[in-house]
Participant: 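Below is the structure I would like to discuss, written out as structure tokens.
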Amino acid sequence: MPALKPTCLKSTGKIIKLILISLIVVSTFFHLILIYRFDEKYVAGKNDAQKSAMAWKSGNPSNQQKVRSSLKQRADGTFNGYPIYYQDENHKPIHSAVQCIGENYQEKAWISRSCKFRHFCFDTEAHDFVIYQSEEERALEEAMHSEFMDVSNRMNTTVSIGGINTKWMWTEGVPRLEWFPKVIQGELKESYYELDPNVVWIPFHSILAKNPGHLVWDEFLPIYNLLRIFDLLENFHSLLTRHILKGGRMWATCDMNDQNQRACAKMYSKFLPLMGLHEDNFTTINDFRFIKNNSTGKKSNLVCAAQGVAGIGMLTDHGTKLHGWHRKDYEVSHNHGRGALLYDFRNFMVSNLGLPIRKVTREPPYIVTFSRSSTSRGNRLIQFTDYIQALNKEIGDEIIAREVHLSSQSLEDQVRIADESSIFISSCGGGAVTAQFLPQGASLILFYLEDGGVEDNRRTELPARLDWDVFNNMGFIRVHWLPIGKMHTKLHIDTFVKLIRHEIDVLNDQILS
């Protein structure tokens, strides 16, 4: 047999090498197809709730809307507008878990605690929340036989379900806020309805939501902070449920009488969009909307969320103080160091309305907004006609002075008015909460009663700088306080004009921009 020439050997080697490379490419191609098909089957095998979470994490609003619509069609019903999915008795047994923060080892430590729950359920028959204790959790609880042992995930604890009004008295009303879901020993093995895993259930008690200051700073702010603490803001949706105290009605709450209930409901309807919610997503523990998609009737009394949080007692803007009526309200600052939180909260609410986040305008004409009739209290019900006239006379070419009646405006218009303002003037009180929406770098001037203090229903003749603690810690705006008593004298009007000139000078200083 004749020997192959070297050139033939080289050609044959190249052919074999090409064949091997082709086989590797083809093998890799089919391998990728198998992986893709496996992943496709795996994703297809996920339940609807898991798919929903994946879609929300994608961050694409159009995809989120499509998924929400399709899931509602495939869901077994809705609870307060959120899809629910029936899990029959064959599901894998589940148990709850708890993580609590804020323990201070004092008698009233419950007002400082906040807790996060895993597998947080609501009993629609008992109108109460429940969690399920595993054998391991029960064994740990029984082993904690010493007062010096403490773990943050125990279930024999309590929180404050709402903000605290010390006028309810520590011996009577305030203790009624001490709360914890009912603990059921053993795993959940019965059937239940499951919410999407991106829904966070938040039960809370309202101080008095008919006052916009209470609503925003004693409810929305602590709820926002609670979600932020446990990293449940991004890609999650809140299910707020207003708790109703057992044992009868309590003074100065939404449930004190029918009039308060209607007034609170009206305010929730108007302000819920600040939290990214619609009134259909919000009820009390007694008037929830539990709707099934079929005619077979309700198969379970339980509706469960993957996540839940509760405990807002010390997360309000005032903690255990009042808002500035008492002399003791000024001894300690509750919001010191919360400037970034308050600004983030502001941006969170503005974004929920679909408005852009922007800084204050730094070129004239500057909008100077006077909030007229921002309170229903006669002694703080002030007019600004002479102030507007003085400004227009002295610096009218640098400003646009406008007077607005905010309570007659829609929520979106109220926020826009504040967001457009370089300088905002108002009397203090619940109506001044609109100043929360001022842009970064703006100025706020608040008029207060220098002799308006009250203790035990008696006047103290001391200053009442209402909500000073929250305003004076808003690092994103400059806050000034002026007295009402002699505000219409020439001296005070002249001082006001000089203050506005100073603020305009600050706005013109681009170094601060």
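Keep in mind that this is a model prediction, so the values were computed, not measured.
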Participant: Donor-acceptor check, side chain of N198 to backbone of H237, threshold 3.5 angstrom: yes or no?
Facilitator: no
Participant: Not counting sequence neighbours, which residues clear side-chain contact (heavy atoms from CB on, under 4.5 Å) with A109? List them please.
Facilitator: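 Expected list: E103, N104, R113.
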Participant: Do R289 and T283 have side chains that approach each other closer than 4.5 Å (heavy atoms only, starting at C-beta)?
Facilitator: yes
Participant: With ring centroids as reference points, do F129 and H243 lie under 6.0 angstrom apart?
Facilitator: no
Participant: Please tell me if the side chains of Q436 and M474 come closer than 4.5 Å, counting only heavy atoms from C-beta onward.
Facilitator: yes
Participant: Taking only Lys NZ, Arg NE, NH1 and NH2, and the carboxylate oxygens of Asp or Glu, determine whether D344 and R228 approach each other closer than 4.0 Å.
Facilitator: yes
Participant: Do the two ring centres, one from F230 and one from F117, sit under 6.0 Å apart?
Facilitator: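 Judged by ring-centre distance (under 6.0 Å), F230 and F117 do not meet the cut-off.
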Participant: If we ignore angles and hydrogens, is there a donor and acceptor under 3.5 Å between the side chains of S300 and E190?
Facilitator: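 S300 vs E190: no donor-acceptor pair found between side chains.
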Participant: Using the test side-chain contact (heavy atoms from CB on, under 4.5 Å), find all partners of V454 that sit at least two apart in sequence or belong to another chain.
Facilitator: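 So V454 forms a side-chain contact (heavy atoms from CB on, under 4.5 Å) with W325.
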Participant: Taking the side chain as every heavy atom from C-beta outward, state whether I229 and V309 have any atom pair closer than 4.5 Å.
Facilitator: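 Not in contact.
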Participant: With F348, which of Y224, F437, Y343 fulfils ring-ring contact (aromatic ring centres under 6.0 Å, His included)?
Facilitator: Y224
Participant: Within the 4.5 Å heavy-atom criterion, are P83 and D196 side-chain neighbours or not?
Facilitator: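 Heavy-atom side-chain distance check passes, below 4.5 Å.
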Participant: Counting only N and O atoms by type, is there a donor-acceptor contact under 3.5 Å from the side chain of T460 to the main-chain atoms of G453?
Facilitator: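 Yes: the side chain of T460 pairs with the backbone of G453.
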Participant: Can you run down the disulfide bond (SG atoms under 2.5 Å apart) pairs that involve residues 161-204, sequence neighbours left out, and say none if there aren't any?
Facilitator: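 Sorted result for residues 161-204: empty, none.
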Participant: Supply the atom-to-atom distance S427 OG to F384 CZ, rounded to the nearest 0.5 angstrom.
Facilitator: 6.0 Å
Participant: Within the distance-only criterion (no hydrogens, no angle test), does the side chain of N165 pair as donor or acceptor with the backbone N or O of I207 below 3.5 angstrom?
Facilitator: no
Participant: Taking all heavy atoms of A252 and all of W168, pick out the closest pair and write down the distance.
Facilitator: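 What the structure gives for the nearest pair is O-CZ2, 3.8 Å.
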Participant: Check whether any side-chain heavy atom of T253 sits under 4.5 Å from a side-chain heavy atom of H205, and report yes or no.
Facilitator: yes
Participant: Run the side chain to side chain contact (heavy atoms under 4.5 Å, CB included) test on I202 and T241 for me, step by step, so that the C-alpha distance in whole Å, both residues' side-chain angles and the decisive distance to 0.1 Å come before the verdict.
Facilitator: CA-CA 6 Å; I202 311 160; T241 301; over 6 Å; no
Participant: Run the ring-centre check on F290 versus Y193 and record whether the distance is less than 6.0 Å.
Facilitator: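 Here the rings of Y193 and F290 have centres that are less than 6.0 Å from each other.
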Participant: Are the side chain of Y330 and the backbone N or O of G324 linked by a donor-acceptor pair below 3.5 Å?
Facilitator: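 Pair found, side chain donor or acceptor close to backbone of G324.
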Participant: So K328 and E455, do their side chains get closer than 4.5 Å, heavy atoms only?
Facilitator: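 No, too far: nothing below the 4.5 Å cut-off.
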Participant: Whether the side chain of S421 engages the backbone of I417 through a donor-acceptor N/O pair (distance < 3.5 Å, no angle test) should be reported.
Facilitator: yes
Participant: As a test of understanding, state which of W481, F447, W468 forms a side-chain contact (heavy atoms from CB on, under 4.5 Å) with C428.
Facilitator: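 So the option named by the test is W481.
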Participant: Minimum heavy-atom separation for A435 to F471, with atom names?
Facilitator: CB-CE2, 3.9 Å
Participant: Other residues, nucleotides and ligands only: do more than 12 of their heavy atoms fall within 6.0 Å of CG on N286?
Facilitator: yes
Participant: Any donor-acceptor pair under 3.5 Å linking the side chain of S96 with the backbone of Y132?
Facilitator: yes
Participant: Say whether, by atom type as modelled, one donor and one acceptor occur between the side chain of T124 and the main chain of N301 under 3.5 angstrom.
Facilitator: yes
Participant: Begin from the C-alpha positions of R416 and L355 and carry the test side chain to side chain contact (heavy atoms under 4.5 Å, CB included) through to its verdict.
Facilitator: CA-CA 8 Å; R416 284 193 185 94; L355 300 176; 3.8 Å; yes
Participant: Over all heavy atoms of both residues, which pair between N281 and L239 is shortest? Give the atoms and the distance, please.
Facilitator: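 For N281 and L239, the tightest heavy-atom pair comes out as O-CD1, 3.6 Å.
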Participant: Angle between ring planes, H91 versus Y192, binned at 30° and 60°: parallel, tilted or perpendicular?
Facilitator: perpendicular
Participant: Under a 3.5 Å distance rule, please check whether Q440 uses its side chain to pair with a backbone N or O of F476 as donor and acceptor.
Facilitator: no
Participant: Check the orientation of F204 and Y268. Use parallel for under 30°, tilted for 30 to 60°, and perpendicular for over 60°.
Facilitator: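 Because their plane-to-plane angle is over 60°, the rings of F204 and Y268 count as perpendicular.
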Participant: Is it the case that atom CD in E234 sees more than 12 heavy atoms from other parts of the structure closer than 6.0 Å?
Facilitator: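 Counting neighbours around CD of E234, 12 or fewer heavy atoms of other residues, nucleotides or ligands fall under 6.0 Å, so no.
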Participant: Closest heavy-atom contact between K321 and D329?
Facilitator: NZ-O, 2.9 Å
Participant: At what distance, to the nearest 0.5 angstrom, does CD1 of I131 lie from CZ of R118?
Facilitator: 11.5 Å
Participant: Can you give me the closest heavy-atom contact between I111 and S160, atom names plus distance?
Facilitator: CA-CB, 4.0 Å
Participant: Any donor and acceptor pair, going by atom type alone, linking the side chain of D469 with main-chain N or O of H334 inside 3.5 Å?
Facilitator: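 Here the side-chain-to-backbone pair exists.
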Participant: Can you tell me how far the OH atom of Y85 sits from the CG atom of N293, to the nearest 0.5 Å?
Facilitator: 10.0 Å
Participant: Nearest 0.5 angstrom please: N473 CG to L342 CG, how far?
Facilitator: 7.5 Å
Participant: In Å, rounded to the nearest 0.5 Å, how long is the span from CG of N80 to CG of L240?
Facilitator: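 Separation between the atoms: 10.5 Å.
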Participant: As an exercise, state the distance from OH of Y448 to CG of D467, rounded to the nearest 0.5 Å.
Facilitator: 15.0 Å
Participant: May I ask you to check whether over 12 heavy atoms, not counting those of D258, lie within 6.0 Å of atom CG?
Facilitator: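 It does: D258 CG has more than 12 such atoms within range.
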Participant: Flag the pair E135 and R138 as a salt bridge only when some basic side-chain nitrogen lies within less than 4.0 angstrom of an acidic carboxylate oxygen.
Facilitator: no
Participant: With R358, which residues qualify under side chain to side chain donor-acceptor pair (under 3.5 Å), at least two apart?
Facilitator: D419
Participant: Minimum heavy-atom separation for W179 to P203, with atom names?
Facilitator: CH2-CG, 3.9 Å
Participant: Crowded around Q409 CD? As in, over 12 foreign heavy atoms under 6.0 Å?
Facilitator: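 Yes, CD of Q409 has more than 12 neighbouring heavy atoms, counting only those of other groups under 6.0 Å.
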Participant: Just grab all the disulfide bond (SG atoms under 2.5 Å apart) pairs involving residues 230-266, residues at least two apart or on different chains.
Facilitator: C254-C264
Participant: Are F271 and F220 close enough that their ring centres sit under 6.0 Å apart?
Facilitator: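 Between F220 and F271, which both carry aromatic rings, the centre distance is not below 6.0 Å.
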Participant: In the structure I gave you, are the side-chain heavy atoms of F120 and V200 within less than 4.5 Å of one another anywhere?
Facilitator: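 No - every pair of side-chain heavy atoms lies 4.5 Å or more apart.
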Participant: Look at the aromatic rings of H127 and F288 and report parallel, tilted or perpendicular, splitting at 30° and 60°.
Facilitator: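 Rings of H127 and F288: perpendicular, as their planes differ by over 60°.
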Participant: May I have the step-by-step check of side chain to side chain contact (heavy atoms under 4.5 Å, CB included) for T316 and L221, ending in yes or no?
Facilitator: CA-CA 7 Å; T316 65; L221 171 63; over 6 Å; no
Participant: Do you know which of R176, R249, R242 makes salt bridge (Lys or Arg N to Asp or Glu O under 4.0 Å) with D255?
Facilitator: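 It is R242; the other options fail the test.
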Participant: Would you indicate whether the side-chain heavy atoms of I285 and D128 approach each other to under 4.5 Å?
Facilitator: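 They are not in contact (no side-chain heavy atoms under 4.5 Å apart), so the answer is no.
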Participant: Using the side-chain contact (heavy atoms from CB on, under 4.5 Å) criterion, which residues pair with A305? Sequence neighbours excluded.
Facilitator: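 Partners of A305 under the side-chain contact (heavy atoms from CB on, under 4.5 Å) test: L195, W201.
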Participant: Checking H323 side chain against A464 main chain: does a donor-acceptor pair fall under 3.5 Å?
Facilitator: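 Pair absent, no side-chain N/O of H323 close to backbone of A464.
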Participant: Show, in sequence, the C-alpha distance, side-chain angles and deciding distance for T166 and V174, and conclude whether the side chain to side chain contact (heavy atoms under 4.5 Å, CB included) test is met.
Facilitator: CA-CA 7 Å; T166 54; V174 175; 5.6 Å; no
